[in-house]
Amino acid sequence: MNEQHLEPLKRHPEGRALRAEVDLGRIARNLGRVRAAAGGREIWAVVKANAYGHGAVPVGRALAAAGAHGLAVSSLEEGLELRQGSIECPILVLGGLRPEALAAASAEGLTIALVGPEHLDDYARILPHHPVRLHLKLDTGMGRFGLLPSELGACLPQLERLAPWIEGAMGHFATADDPDQGFALRQRKVFDACLSQLSDAGIHPPQRHHGNSDACLRGLLDQDTHVRPGLALYGLTTLPEGRTLGLEPALELVAEVARVKAVSAGATVGYGRTFVAPHPLQIATLACGYADGYRRDLGNRAVVGFRGRTFPVVGRVSMDYLTVALPLDLPVAPGDPMILYSGDPATAHSLERLAQSLGTIPYELTCALHRRITRRFFPN
Ligand SMILES: Cc1ncc(COP(=O)(O)O)c(C=O)c1O
């Protein structure tokens, strides 16, 4: 049979003219600020979902180098990606793990959150052969993962068998961003009660952590030894305390102008003709669309930054493109960079302001940034 000879795949050195520029220096400085706000507690830096879209391996390396105790991810696959990127610090898999995957996790030295009562016997059987460190997740009020306080008593005999591997106990706040701290304080009480119950059974997890970014900013940390911030490390926040702390957004989304054209009054732009030029103007087309994670409902709503000013995104955002309206007399040419997400929180196209205008949170916008977007990291 004839072998098929394929030409090597051709690569375009520059790729698409769309890039997320990520300032690792800002992320390292944010780590220091969050640590100070958390009273110097050790940090499990949350880098799940590709470091909230910023790029898991480079960001993980920067955070480890800046002194994070460890990195927290959602799944085994995310943990393995960091190990493949030569990251050697502790890595905590927050989403738990089926017993069948324990051998793989052990081989890579991953730490696993124990998120329910289902597999405790399997864990006790497998861990002597494939040891991993465990963090016992307690459902103190989030209502997702974790042992409920009502389940804890019945599980204590199994947990005693697992005690040699239990390094931590953890919970997660549901309302750390709420000015009314009533529910958060109740969660803390439930956490304390669970820790006492464990302690009475001779289980003393050396690490205790319940706090995300907002809990660090709001001082909801009590006797915790560690914290688990994510969003604040990326310089984003939904709380005014974050700005007071000087958190610096670390990501800018930049797209180069692909085409510019002058249009006359009455011309329409894009699918559905939702934009009608009110007077003659220029339309710049940028190669960024909803397939990249730039939300379709930002069309006719958002602005982009260019030459120190902002200009409206007009018409519908399509899969690969969006269009910006500019005055006729403004010099603009293919290749000019425009800023879609700004790293300056005071601007109308900052992630926080855009998220607010969409009725969502900055997490959703950064996590949606597709892997096809080139990430450039500073300093390298
Ligand atoms: C279990 C857990 N811990 C910590 C975090 C970090 O939260 P934040 O990004 O709000 O700091 C998350 C984020 O979703 C999480 O799910």
Side-chain angles (χ1 to χ4, degrees), residues 42-52 56-57 59-60 63-64 68-140 142-149 151-152 154-173 191 194-195 198 203 205-212 225-230 367:
E42 296 265 23
I43 298 202
W44 281 103
V46 181
V47 297
K48 62 195 171 109
N50 198 25
Y52 293 35
V57 169
V59 168
L63 286 164
H69 163 81
L71 304 174
V73 295
S74 179
S75 63
L76 174 69
E77 291 71 20
E78 289 186 344
L80 297 179
E81 183 191 0
L82 296 180
R83 284 286 184 250
Q84 277 152 19
S86 305
I87 291 176
E88 290 173 359
C89 68
I91 295 173
L92 171 60
V93 179
L94 295 168
L97 202 64
R98 285 196 313 275
E100 310 85 87
L102 276 171
S106 174
E108 294 297 337
L110 301 180
T111 303
I112 305 299
L114 198 53
V115 297
E118 293 80 21
H119 303 299
L120 298 180
D121 288 333
D122 293 325
Y123 268 56
R125 181 173 47 76
I126 297 170
L127 287 192
H129 312 288
H130 301 289
V132 297
R133 284 182 289 252
L134 299 174
H135 285 227
L136 176 61
K137 180 98 184 245
L138 298 158
D139 184 358
T140 61
M142 185 67 165
R144 306 183 306 193
F145 284 131
L147 281 177
L148 285 162
E151 292 170 326
L152 191 55
C155 292
L156 282 176
Q158 291 157 301
L159 292 174
E160 282 168 32
R161 287 175 64 203
L162 292 172
W165 295 282
I166 297 181
E167 175 188 65
M170 57 188 283
H172 193 42
F173 285 114
F191 192 50
C194 291
L195 289 173
L198 288 170
I203 302 167
Q207 295 188 22
R208 298 176 299 282
H209 44 101
H210 204 293
N212 59 351
T225 57
H226 289 61
V227 289
R228 286 191 324 271
C367 289

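Sequential numbering from 1 along the given sequence is applied to the chain's residues.
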Check whether any side-chain heavy atom of Leu159 sits under 4.5 Å from a side-chain heavy atom of Leu147, and report yes or no.
yes
List for me each residue that meets side chain to side chain donor-acceptor pair (under 3.5 Å) alongside His210, sequence neighbours excluded, and say none if there are none.
Thr140
Take Glu42 and Thr225, measure what side chain to side chain contact (heavy atoms under 4.5 Å, CB included) needs, and give me the verdict at the end.
CA-CA 7 Å; Glu42 296 265 23; Thr225 57; over 6 Å; no
Looking at every heavy atom in both Ala56 and Ala51, which two are closest together, and how far apart are they?
CA-CB, 3.8 Å
To the nearest 0.5 Å, tell me how far Arg228 CZ sits from His172 NE2.
6.0 Å
Measure the shortest side-chain to side-chain distance between Pro205 and Leu136 over non-hydrogen atoms and say whether it is less than 4.5 angstrom.
no
When rounded to the nearest 0.5 Å, the distance separating CD of Glu77 from CG of Leu82 is 12.0 Å
Any side-chain heavy atom of Trp165 sitting closer than 4.5 Å to one from Pro128?
yes
Starting at CG of Leu80, measure out to CZ of Arg83 and round the result to the nearest 0.5 Å.
9.0 Å
If we ignore hydrogens and angles and just use 3.5 Å, is the side chain of Asp139 paired with the main-chain N or O of Met142 as donor and acceptor?
yes
Using every non-hydrogen atom in the two residues, find where Gln158 and Ala154 come nearest and quote the distance to one decimal.
OE1-O, 4.2 Å
Inter-residue atom distance Leu195.CG - Leu138.CG, 0.5 Å rounding:
7.0 Å
Just so I know, are the side chains of Val57 and Val47 near enough to count as touching, which here means a heavy-atom distance under 4.5 Å?
no
Which residues pass the side chain to side chain donor-acceptor pair (under 3.5 Å) test with His135, not counting sequence neighbours?
Glu167, His209
Show me, pair by pair, the donor-acceptor contacts under 3.5 angstrom made by side chains of residues 88-117, not counting sequence neighbours?
from, atom 1, to, atom 2, distance (Å)
Arg98, NE, Glu100, OE1, 3.0
Ser106, OG, Pro131, O, 2.9

Rounding to 0.5 Å, atoms OG (Ser75) and NZ (Lys48) come to a distance of 10.5 Å
List the steps and the verdict of side chain to side chain contact (heavy atoms under 4.5 Å, CB included) for Leu198 and Leu152.
CA-CA 8 Å; Leu198 288 170; Leu152 191 55; 4.2 Å; yes
Is the closest side-chain heavy-atom distance between His69 and Gln207 below 4.5 Å?
yes
From CD1 (Ile203) to SG (Cys194), nearest 0.5 Å
12.0 Å
Does CZ in Arg208 sit with more than 12 non-hydrogen atoms of other residues, nucleotides or ligands closer than 6.0 Å?
yes
